[in-house]
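Structure, as structure tokens:
By convention in this document, chain letters (A, B, ...) are assigned in the order of the sequence lines, proteins followed by strands, and residues within each chain are numbered from 1.
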Number of protein chains: 2
Amino acid sequence: MTTITINPKLKADTFELGQLNGQTLLLMKNSLVPWFIVLPNTHETELFKLDKSERAKLDKNIDLLSGFLVNHFKTEKLNIATIGNIVSQMHVHIIGRCVDDPFWPGVVWGQAKKTEYKKEEVERMIQLLSHEFTNHFCKALL
Amino acid sequence: MTTITINPKLKADTFELGQLNGQTLLLMKNSLVPWFIVLPNTHETELFKLDKSERAKLDKNIDLLSGFLVNHFKTEKLNIATIGNIVSQMHVHIIGRCVDDPFWPGVVWGQAKKTEYKKEEVERMIQLLSHEFTNHFCKALL
């Protein structure tokens with residue numbers, strides 16, 4: 001298995017929540033929108049180069065997190081994307097959007113507006129994930 | 001099979017190129033970046049609700065178009081996304097980006113800058129797709 005190191009910019013911009021089906025799960029440090037990032041275990045930078053097993057896990061994780069956002073947050077639309085213009089390490093954004101979030105209907109990328117999470121909000125997120133994905137989620141040591 | 005009608009805004013913003021593995025393939029009317037849009041045959045608006053067969057076709061089409069962009073355009077990074085904040089009909093963007101395109105390193109959504117395609121450029125794109133995807137692509141009647 002490929003072992004990845006989280007890119008320093010991604011690391012600075014997110015909380016590392018844990019592993020979801022063996023892929024790294026991050027939370028963007030902006031509580032204005034619920035915004036997950038999944039990192040497959042690969043050194044490839046493009047989705048179409050990802051090997052089958054990691055792609056299947058990624059698809060599964062996208063679906064799990066989509067359901068999680070719809071169930072636990074006011075999510076009226078999901079935004080799912082792999083961009084990588086600034087950080088080329090492969091990472092997929094899974095974001096819950098609603099009409100009264102401050103960026104709607106625009107996209108979230110390139111926006112400066114930001115609210116920091118409180119420590120207990122991040123802990124609550126990890127608890128929720130642990131509860132929902134009992135056998136699939138392994139939380140990070142904070 | 002679900003029959004879809006292309007949303008009027010999507011229709012106005014794009015050229016309908018044809019069907020790729022039975023899914024509608026559009027080209028954004030902006031020649032500044034090579035920008036495809038694929039519409040799965042569904043009335044669902046979220047990827048995780050898409051049925052398995054359409055999802056598999058969509059994954060395949062994303063991969064085919066990714067390779068096509070890398071092979072035929074100056075593509076240094078692919079941007080792949082399903083957003084749908086403005087047009088909720090499910091559609092996936094597959095965009096070839098490079099460091100000297102006018103939006104780099106920003107995202108393409110929400111940008112006003114635009115150059116129209118010439119008719120022969122669109123015809124050339126369809127020819128290229130027909131040549132590359134002989135048995136998978138069926139061109140639209142322009």
Exercise. Any side-chain heavy atom of Leu64(B) within less than 4.5 Å of one from Phe48(A)?
Worked result: no
For this session: Pick one of side chain, backbone, both or neither for Val92(B), based on which atoms fall under 4.5 Å of a heavy atom in chain A.
Result: neither
For this session: Please indicate whether Lys139(A) has more than 12 foreign heavy atoms, meaning atoms of other residues, nucleotides or ligands, lying under 6.0 Å from its NZ.
Result: no
Problem set entry | Atom NE2 of His43(B): over 12 foreign heavy atoms under 6.0 Å | yes
Problem set entry | Top of Asp59(A), Thr45(A), Ile62(A), Val99(A) for chain B proximity - count of heavy-atom pairs under 4.5 angstrom | Asp59(A)
Is it true that [X] and [Y] fall in one hydrophobic cluster, defined by side-chain heavy atoms closer than 4.5 Å?
X	Y	answer
Leu58(A)	Leu27(A)	yes
Ile95(B)	Phe68(B)	no
Leu20(A)	Leu10(A)	no
Trp104(A)	Val33(A)	no
Phe103(B)	Trp109(A)	yes

For this session: Report the distance from atom CD1 of Ile94(B) to atom CG of Leu47(A), rounding to the nearest 0.5 Å.
Result: 10.0 Å
Exercise. Do Lys49(B) and Asp63(A) sit within salt-bridge range, that is, some charged N less than 4.0 Å from a carboxylate O?
Worked result: no
For this session: For chain A, find which of Gly106(B), Gly110(B), Ser66(B) contributes the most heavy-atom pairs closer than 4.5 angstrom.
Result: Ser66(B)
Exercise. In residues 74-86 of chain A, which residues are in contact with chain B at a heavy-atom separation under 4.5 Å?
Worked result: Glu76(A), Lys77(A), Leu78(A), Asn79(A), Ile80(A), Ala81(A), Thr82(A), Ile83(A), Gly84(A), Asn85(A), Ile86(A)
